Protein chains: 4
Amino acid sequence: MSQVEPWLQELLRLNDEEEKMTEKQIKIVQAAVEIFSQKGFAGSSTSEIAQKAGVAEGTIFRHYKTKKELLLSIVAPIMTKLIAPFAVKDFTKVLDAEYPSMEQYLRAIIVNRMEFARKHFAVLKIFLHEIPFHTELREQFQETFSKLVLEKAYKAIRHFQAEGQIIELPAPTTMRLIISTIVGFLITRFLLAPNADWDEEVEIEHTIQFILNGLTLRKA
Amino acid sequence: MSQVEPWLQELLRLNDEEEKMTEKQIKIVQAAVEIFSQKGFAGSSTSEIAQKAGVAEGTIFRHYKTKKELLLSIVAPIMTKLIAPFAVKDFTKVLDAEYPSMEQYLRAIIVNRMEFARKHFAVLKIFLHEIPFHTELREQFQETFSKLVLEKAYKAIRHFQAEGQIIELPAPTTMRLIISTIVGFLITRFLLAPNADWDEEVEIEHTIQFILNGLTLRKA
Amino acid sequence: MSQVEPWLQELLRLNDEEEKMTEKQIKIVQAAVEIFSQKGFAGSSTSEIAQKAGVAEGTIFRHYKTKKELLLSIVAPIMTKLIAPFAVKDFTKVLDAEYPSMEQYLRAIIVNRMEFARKHFAVLKIFLHEIPFHTELREQFQETFSKLVLEKAYKAIRHFQAEGQIIELPAPTTMRLIISTIVGFLITRFLLAPNADWDEEVEIEHTIQFILNGLTLRKA
Amino acid sequence: MSQVEPWLQELLRLNDEEEKMTEKQIKIVQAAVEIFSQKGFAGSSTSEIAQKAGVAEGTIFRHYKTKKELLLSIVAPIMTKLIAPFAVKDFTKVLDAEYPSMEQYLRAIIVNRMEFARKHFAVLKIFLHEIPFHTELREQFQETFSKLVLEKAYKAIRHFQAEGQIIELPAPTTMRLIISTIVGFLITRFLLAPNADWDEEVEIEHTIQFILNGLTLRKA
DNA sequence: CATGAATGAGACTTCATTCAT
DNA sequence: TATGAATGAAGTCTCATTCAT
């Protein structure tokens with residue numbers, strides 16, 4: 001999964017929408033991402049963004065009606081992208097075919113999402129900070145998430161439970177435990193100790209083993 | 001540990017410093033907590049706080065030189081409180097005496113910190129949101145954390161490793177995995193699905209077992 | 001005249017009105033003088049004055065209804081004091097009796113007013129700065145000045161002109177030239193170069209000779 | 001010197017820098033000059049300035065970052081202009097060539113600076129009032145003055161002393177006496193009795209004669 | 001498309017003054 | 001008499017947004 005799977009390509013193609021953008025517009029977005037992620041949305045000023053983008057103050061509003069629209073244009077797409085790998089049409093088929101073991105599945109997810117986080121670090125940070133303050137964002141995310149991901153993820157979990165690979169906890173609990181561990185890993189890696197030079201491979205391995213062990217019955 | 005241990009009382013007593021506060025000052029702090037946690041620091045206005053507190057806007061600045069000082073007066077103490085249970089002078093003694101098994105230890109921590117999170121939910125939320133934007137906060141937290149908690153926690157981890165209760169991962173990795181799981185639990189409980197009525201006891205139990213299993217060697 | 005003349009004593013006695021003042025009130029006035037002279041009236045805050053005086057904010061307003069009243073209580077008396085030496089009831093008699101020559105008269109005035117300026121430097125500075133901005137002050141000063149000083153000074157000038165000691169310029173012109181020179185001397189001494197160590201005696205002598213020469217006919 | 005000398009033109013040309021200014025910006029400066037000179041800097045409010053300029057308050061801060069910057073933009077240039085006529089590269093040559101007698105020199109200076117004071121009355125008033133409260137202003141003025149004027153003025157004084165036109169007082173003393181008289185003249189004319197209709201020509205003549213007499217040896 | 005001067009609402013903050021204690 | 005918490009008007013300054021060029 002470190003290579004983009006065919007079934008994902010369609011989804012991902014939606015994202016490369018930097019096409020119709022003016023050169024100036026791209027600079028605006030880049031500047032906005034940088035400043036929003038440093039100071040937060042409410043703490044940033046459009047004039048500062050314009051300055052960093054090397055653009056007149058008015059130019060921003062030629063492309064985005066309001067400051068908030070600029071934010072959403074940055075943050076909304078990331079939600080879809082974030083979720084994309086899980087939004088597969090027929091999940092269990094995928095599972096059967098490609099991930100015979102939970103371990104391979106987990107490793108694929110972690111590696112893939114880590115690349116994603118590395119690439120979109122700043123935007124993800126903005127997303128995390130702003131989602132509590134913008135109802136539309138939150139609702140859109142919740143809807144997308146529960147529609148596209150939740151049931152499919154539950155299916156996958158039950159699939160591995162049925163196969164006896166993991167224990168029979170409630171699916172939401174299982175999911176919470178997995179996501180907590182992965183997100184905790186990513187946050188530590190990119191936010192808390194971005195400069196610490198650690199052995200990424202080894203940490204990933206520990207993390208995967210922790211999840212697998214955690215979800216496996218201890219033999220008495 | 002759901003009861004406050006004697007060795008904690010001193011530490012905790014530092015916190016009930018709402019003494020010298022005017023009635024109005026208390027109202028200001030309450031209003032500020034509510035509004036900051038809803039809209040974020042930069043998105044809140046002092047006039048709104050004053051209004052909600054039923055106080056003239058000038059009154060805020062009689063007690064706090066700046067809006068930011070108001071924020072810090074709210075958020076700084078929570079850092080110490082958050083860490084308090086781990087800032088024990090002689091940790092291993094405590095461990096020997098009171099927590100023969102890692103399981104008991106984990107349960108104590110989770111229950112205790114859950115009560116704490118329940119009580120200080122709003123302030124914790126503010127803390128989490130603002131810490132990336134305020135260097136002083138971040139540095140103070142890092143210092144306090146590494147001084148008071150880190151080494152002691154590592155000691156505890158090594159203690160349980162020596163006893164053969166958990167496997168020999170690097171202490172920082174072990175710690176990351178434990179904290180991720182606990183924080184993930186608390187965030188799910190209080191932030192993501194605060195209204196979902198789930199069986200807290202059972203979820204705690206699952207969480208503890210997940211951590212313990214995760215850190216225990218699978219018997220081949 | 002470096003000693004206080006008998007006819008002045010009455011006038012001067014009006015000034016030592018620090019009698020009925022509370023200890024705190026005195027401290028307030030001292031603090032106000034210091035701060036007003038450093039930052040100007042409009043640039044000073046009553047709270048700063050209270051702080052420097054070691055007094056509660058409200059205490060100032062127990063003694064002075066408004067900030068401006070505090071200013072006037074400081075500045076108004078200095079006007080009288082400043083003018084006092086010239087406000088003699090029967091001036092020409094004084095002149096005949098005590099100052100046979102213009103030179104002696106000038107020297108007396110300069111020495112005496114220099115001591116005055118040295119003592120009341122800060123208050124005089126406040127007075128000079130504030131007089132353009134406070135109509136009452138300006139009017140009161142103009143009235144006092146023209147009533148008590150102007151005619152008497154003109155009389156003295158004409159007296160010395162009649163005696164042939166100085167040339168027959170218009171009295172206002174003569175007065176302007178004398179006052180300009182003296183005030184210029186005092187401002188240089190106390191404001192522009194207060195730290196320069198110069199020979200005061202010699203400078204006074206030069207100044208007097210300049211005025212006298214300036215008002216004497218050059219012999220062809 | 002009532003006509004602008006050629007060597008001055010360059011210096012003076014620096015001043016007509018109202019070029020790049022918006023129409024509104026010019027109105028702001030005009031309003032600010034008027035209000036500052038009436039109420040002093042600290043006693044004026046930006047809202048009042050905006051109102052008198054017929055401009056939104058925000059517009060002031062688009063052109064000047066702070067209220068103080070507005071003050072300095074008004075007051076700083078006047079310092080150079082005030083001094084300009086004395087900041088000539090080779091002063092004694094000028095003296096030799098154009099002012100054979102001290103009298104002509106004095107008359108030229110007085111007339112020229114009187115026109116200047118008449119034209120820039122309000123700004124000069126602001127300058128005089130504010131210089132004690134703004135360290136930067138004071139230091140900049142002292143530096144400019146001592147660099148550009150002092151030595152040259154001393155040279156001129158010694159030039160006239162060497163020619164026997166004036167007596168051998170120390171140059172600083174001589175300068176103090178001359179400036180006191182001239183400044184006293186200007187202040188009387190424009191500040192103390194601006195409405196009194198006096199014969200300016202005659203007063204100038206008296207003032208010049210006073211200075212000349214004052215600095216000339218009385219023949220015994 | 002792009003500019004940047006202009007706006008005016010509203011942000012944070014100060015301050016003279018009042019008043020219950 | 002003295003205090004100092006409280007006030008609210010006013011101050012300086014910021015900022016998203018508009019619009020003529």
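This structure is a prediction, so every number in the text was calculated from the model and none was measured. Letters go in sequence order (proteins before strands), and every chain restarts at 1.
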Close N/O contacts between protein and nucleotides 8-11 of chain F (under 3.5 Å):
none

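How far CG of Leu70(B) is from CD of Gln25(B): 9.5 Å, rounded to the nearest 0.5 Å. Distance CG/Leu137(D) to CD1/Ile78(D): 12.0 Å, rounded to 0.5 Å.
Take the nearest nucleotide of DNA chain E for Arg62(D) and for Phe41(C): the residue whose nucleotide is more 5' is Arg62(D). Ranked by how close their nearest DNA chain F nucleotide is to the 5' end, Gln25(C) and Gly43(A) are led by Gln25(C).
Taking atom CD1 of residue Ile60(C) and atom P of nucleotide dT3(F), one finds them 11 Å apart after rounding to whole Å. Taking atom CZ of residue Phe61(D) and atom C1' of nucleotide dT12(F), one finds them 5 Å apart after rounding to whole Å. Rounded to a whole Å, the CG atom of Leu70(A) is 15 Å from the C1' atom of dC15(F). Atom NZ of Lys68(A) is separated from atom P of dA16(F) by 14 Å (rounded to the nearest Å). With rounding to whole Å, Glu48(A) atom CD is found 14 Å from dA16(F) atom C1'. Regarding Met21(B), its CE atom lies at a distance of 19 Å from the P atom of dG4(F), rounded to whole Å.
Between Lys65(D) and dT14(F), a side-chain N or O to OP1/OP2 separation shorter than 4.0 Å is absent. Taking 4.0 angstrom as the limit, His63(C) places none of its side-chain polar atoms (N or O) nearer than this to OP1 or OP2 of dT1(F).
Base pairing of dC13(F): its partner is dG10(E), meeting the Watson-Crick or G-U wobble criterion (both donor-acceptor distances under 3.5 Å). Across all strands shown, the partner of dC19(E) is dG4(F), judged by Watson-Crick or G-U wobble contacts whose two distances both fall under 3.5 Å.
Counting heavy atoms from C-beta outward, Ile49(A) and Lys67(A) have side chains that stay 4.5 Å or more apart. Considering only heavy atoms from C-beta on, Gln142(A) stays 4.5 Å or farther from Phe145(A) through its side chain.
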Could you walk me through whether Phe127(B) and His120(B) pass the ring pair (Phe, Tyr, Trp, His ring centres under 6.0 Å) test, one step at a time? CA-CA 10 Å; Phe127(B) 174 66; His120(B) 298 288; over 10 Å; no
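A 4.0 Å heavy-atom criterion places the boundary nucleotides of DNA chain E facing chain A at dC1(E) to dG4(E), written 5' to 3'.
By the 6.0 Å and 45° rule, Lys68(B) does not stack over the aromatic ring of Phe41(B).
Shortest non-hydrogen contact noted between Phe61(D) and Thr46(D) is CZ-CG2, 3.7 Å. Residues Ser73(A) and Tyr64(A) come closest through the heavy atom pair OG-CE2, 3.3 Å.
Applying the salt bridge (Lys or Arg N to Asp or Glu O under 4.0 Å) rule to pairs touching residues 44-63 of chain D yields Glu57(A)-Arg62(D), Glu34(D)-Lys52(D), Lys39(D)-Glu48(D), sequence neighbours excluded.
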